[in-house]
Amino acid sequence: MTRPVPAPAAAGRQVALVDLLDRVLAGGVVVSGELTLSIADVDLVHISLRTLLTSITALGPRDD
């Protein structure tokens, strides 16, 4: 398994959580997960979750 190598410009630079969140939401991110509830190795409930997180910018004031 290979690990991604950080870009030289980003190496050693600290990024604030707000800046990181702004960058991620500007491009969008998909979060997915699975949850299985079971008793005695018998699957009772299987839930699959997927969500898209992205930012929405306002276009400006409207004259309606």
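Just so you know, these numbers use all the heavy atoms, side chains as well, and skip hydrogens, waters and symmetry mates.
With sequence neighbours excluded, no residue forms a side-chain hydrogen bond (donor to acceptor under 3.5 Å, both in side chains) with Ser38. Annotation: side-chain contact (heavy atoms from CB on, under 4.5 Å) contacts of Leu44 (sequence neighbours excluded): Ile39, Val42. Here Ser32 pairs with Arg50 under the side-chain contact (heavy atoms from CB on, under 4.5 Å) rule; sequence neighbours left out. By the side-chain contact (heavy atoms from CB on, under 4.5 Å) test, Asp19 pairs with Val15, Ala16, sequence neighbours left out.
In this structure, Leu37 is a member of the same hydrophobic cluster as Leu49, with clusters built from ILVMFWY side-chain heavy atoms closer than 4.5 Å.
When side chains are defined from C-beta on, Thr36 does not count as touching Val45, because their heavy atoms never get closer than 4.5 Å.
Other members of the cluster containing Leu52 are Val30, with ILVMFWY side chains joined at under 4.5 Å, either directly or via other members.
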